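Data first, discussion second: the structure below is written as structure tokens.
By convention here, the first residue in the shown sequence is residue 1. Since the structure is predicted, the reported quantities are computational estimates derived from the model, not experimental observations. When a ligand or atom number is given, it counts from 1 through the structure's own listing order.
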Amino acid sequence: MWTPDDIPRLTGSTALVTGANSGIGVPTVLELARHGARVVMTARDLAKGRAALETIRAEVPEADVELRRLDLAALSSVREFAASVDEPIDILINNAGIGIIPRSTTADGFETQFGTNHLGHFALTGLLLPRLLERKDARVVTVSSDAHAVGRIDFDDLGLERGYGRFSAYGRSKLANLLFARELHRRAEGRLLSVAVHPGSTSTGILKLGVLTRPVMALAGLFLQSAAKGAVPSLYAAASPAVRGGTFIGPGPKELRPRPHALDEAVARRLWETSEELTGVRFEMLDPHV
Ligand SMILES: NC(=O)c1ccc[n+]([C@@H]2O[C@H](COP(=O)([O-])OP(=O)(O)OC[C@H]3O[C@@H](n4cnc5c(N)ncnc54)[C@H](OP(=O)(O)O)[C@@H]3O)[C@@H](O)[C@H]2O)c1
């Protein structure tokens, strides 16, 4: 079975991990740094980010890790951050996620789960595309979920004005992550490798934010995997030579079959075009005639 010990030496590579201050993001950064990558870890709250950075440095003293601020729920922050990235990127891990929360909107007025988990990462990836294409075979890993199964995209109601469910809204954002990863693979095949992952049910903050109360969370923690285990699909997708573009990697790690509605190329294309319009970010270096 593949484990993070199988990650090849990454010396000379730069990786960027979003939402790296807690949960699955921390061991993702830690293992990439342990294997020699320079890692840019991002957090929307720098105080939380510094605490995570200290944990990582305590375990990997030689880690070449830099902490930068990025709020995916504000396109101005995404633009400011991307403009500050002036080095080639080998690995981008779109890991940050907000989940199962009451209805709210981002700084730009998008429903928060869709706006953060999908549109924020869509814009980030598009703005970093020139930095990714400076490398041969850069990888973009987008953290989706098996919760995509309950997601549906109604292009006439992207704000979910006609009815909001916390879990279905989360499922919609994770479906969008998966459709995006596969559409990026189709558009960028041969130029970069795009993969989606499902970490498996993991004891992290996202569940505490959501449906699980503190006592239930404590009980559930007995059955949920650790954040280190939850990071394995992301690490495998980021670093294993065996990974194929356009796939969906889950616990094992192994390839998972997405639900049929996540394989709908017409929906993926429409989501891409809609996301370009909503964010104002266009992937100009990729072939639009697909
Ligand atoms: N845990 C699971 O069982 C599970 C299952 C399937 C998929 N996933 C996915 O795994 C990924 C990692 O989540 P996790 O389980 O590790 O949960 P987590 O501990 O809550 O981590 C989520 C991270 O995303 C960050 N984030 C939230 N909103 C953000 C924003 N507006 N801008 C920038 N960063 C933001 C959080 O920052 P703050 O600390 O500031 O909130 C945190 O660092 C997510 O994409 C999630 O959907 C998790």
Side-chain angles (χ1 to χ4, degrees), residues 16-30 40-53 55-56 67-78 80-82 93-101 104-108 110-124 141-151 166-167 169-178 180-181 196-212 217 220-221 223-235 237 248-251 256 258:
L16 201 155
V17 182
T18 67
N21 60 277
S22 77
I24 292 164
V26 178
T28 302
V29 173
L30 195 140
V40 178
M41 58 183 284
T42 77
R44 60 175 164 170
D45 178 332
L46 284 180
K48 284 191 191 174
R50 277 191 280 273
L53 182 54
T55 311
I56 290 162
L67 170 67
R68 311 259 286 271
R69 187 174 180 279
L70 168 62
D71 182 354
L72 288 151
L75 289 174
S76 58
S77 173
V78 177
E80 192 181 329
F81 171 79
I93 304 191
N94 289 325
N95 166 75
I98 188 93
I100 328 176
I101 52 167
S104 61
T105 52
T106 67
D108 306 283
F110 306 127
E111 182 281 311
T112 297
Q113 301 194 57
F114 184 74
T116 307
N117 300 354
H118 169 61
L119 291 175
H121 283 126
F122 178 91
L124 179 70
V141 177
T142 301
V143 182
S144 174
S145 168
D146 62 356
H148 78 275
V150 300
R166 318 170 164 211
F167 196 72
Y170 178 65
R172 179 181 72 155
S173 75
K174 295 286 116 182
L175 172 62
N177 283 150
L178 186 44
F180 164 65
V197 304
H198 165 53
S201 298
T202 309
S203 179
T204 64
I206 209 160
L207 295 181
K208 288 173 208 154
L209 273 176
V211 280
L212 301 188
M217 185 69 198
F223 304 99
L224 296 172
Q225 65 182 357
S226 66
K229 279 260 167 61
V232 170
S234 294
L235 291 165
F248 183 37
I249 307 289
L256 301 176

Hey, could you give me the CD1/OH distance between Ile206 and Tyr170, rounded to the nearest 0.5 Å? 4.0 Å
What atoms in ligand 1 come closer than 4.0 Å to a heavy atom of Val143? 9 (C), 10 (O), 11 (C), 45 (O)
For Ile24, the ligand 1 atoms with a heavy-atom partner under 4.0 Å come out as 10 (O), 15 (O), 16 (O)
Please confirm whether Gly99 approaches ligand 1 to less than 4.0 Å, judged on its heavy atoms. no
Quick one: sort the His148 and Phe248 rings into parallel, tilted or perpendicular, breaks at 30° and 60°. perpendicular
With a 4.5 Å heavy-atom cut-off, do Ile93 and Thr28 have their side chains touching? yes
Under 4.0 Å to a heavy atom of Ser201 - the qualifying atoms of ligand 1, by number: 3 (O)
Is Pro199 in polar range of ligand 1, meaning some N or O pair under 3.5 Å apart? no
Tell me the closest heavy-atom pair linking Leu46 and Arg68, and the distance in Å. CD2-C, 4.0 Å
Test Thr42 against Thr18 for side-chain contact (heavy atoms from CB on, under 4.5 Å), laying out the working first. CA-CA 5 Å; Thr42 77; Thr18 67; 3.7 Å; yes
If we count only N and O atoms by modelled type, under 3.5 Å, do the side chains of Thr106 and Thr112 hold a donor and an acceptor together? no
Proximal ligand 1 atoms for Leu70, defined as those under 4.0 Å from one of its heavy atoms: 32 (N), 33 (C)
For Ala73, the atoms of ligand 1 under 4.0 Å from one of its heavy atoms are 31 (N)
N/O of Ser145 under 3.5 Å from N/O of ligand 1, yes or no? no
Please compare Ser22, Ala74, Gly23 and report which has the shortest non-hydrogen distance to atom 21 (O) of ligand 1. Ser22
Would you say Thr116 and ligand 1 have an N/O pair spaced under 3.5 Å apart? no
Can you find an N/O atom of Ala20 closer than 3.5 Å to an N/O atom of ligand 1? no
Pull out every atom of ligand 1 sitting under 4.0 Å from any heavy atom of Leu72, numbered as shown with elements. 30 (C), 31 (N), 32 (N), 33 (C)
I'd like to check whether His198 has a polar contact with ligand 1, where a contact means an N/O of the residue lying under 3.5 Å from an N/O of the ligand. no
Numbering as shown, the atoms of ligand 1 that approach Gly19 to under 4.0 Å (heavy-atom distance): 23 (C), 24 (O), 25 (C), 43 (O)
d(Arg44 CZ, Ile98 CD1) to nearest 0.5 Å is 4.5 Å
Taking a cutoff of less than 4.0 Å between a non-hydrogen atom of the residue and any ligand atom, is Gly200 in contact with ligand 1? yes
Short N or O distance, Gly97 and ligand 1, threshold 3.5 Å exclusive: yes
Test item: side-chain donor near acceptor, Ser144 and His198, under 3.5 Å: no
Could you state the interatomic distance from CG (Leu178) to CG (Leu256), rounded to the nearest 0.5 Å? 9.5 Å
Looking at Glu80 and Arg69, is any side-chain nitrogen of the basic one under 4.0 Å from a carboxylate oxygen of the acidic one? no
Can you measure from CD1 (Ile101) to CD (Gln113) and round to the nearest 0.5 angstrom? 5.0 Å
For Asp71, counting its heavy atoms only, list the atoms of ligand 1 lying under 4.0 Å from any of them. 30 (C), 31 (N), 32 (N)
Going by the closest heavy atom to atom 41 (O) of ligand 1, which one wins out of Lys174, Arg44, Met41? Arg44
Out of Pro251, Gly230, Ser144, Ala147, who gets a non-hydrogen atom closest to atom 7 (C) of ligand 1? Ser144
Restricting to non-hydrogen atoms, name the atom on Ala73 and the atom on Thr116 that form the minimum distance, rounded to 0.1 Å. CB-OG1, 3.6 Å
Calculate, to the nearest 0.5 Å, the distance between atoms CG and CG belonging to Leu75 and Asp108 respectively. 4.0 Å
So, does Ser173 sit close enough to ligand 1 that a heavy atom of it is under 4.0 Å from the ligand? no
Between ligand 1 and Asp45, is the shortest N or O to N or O distance under 3.5 Å? no
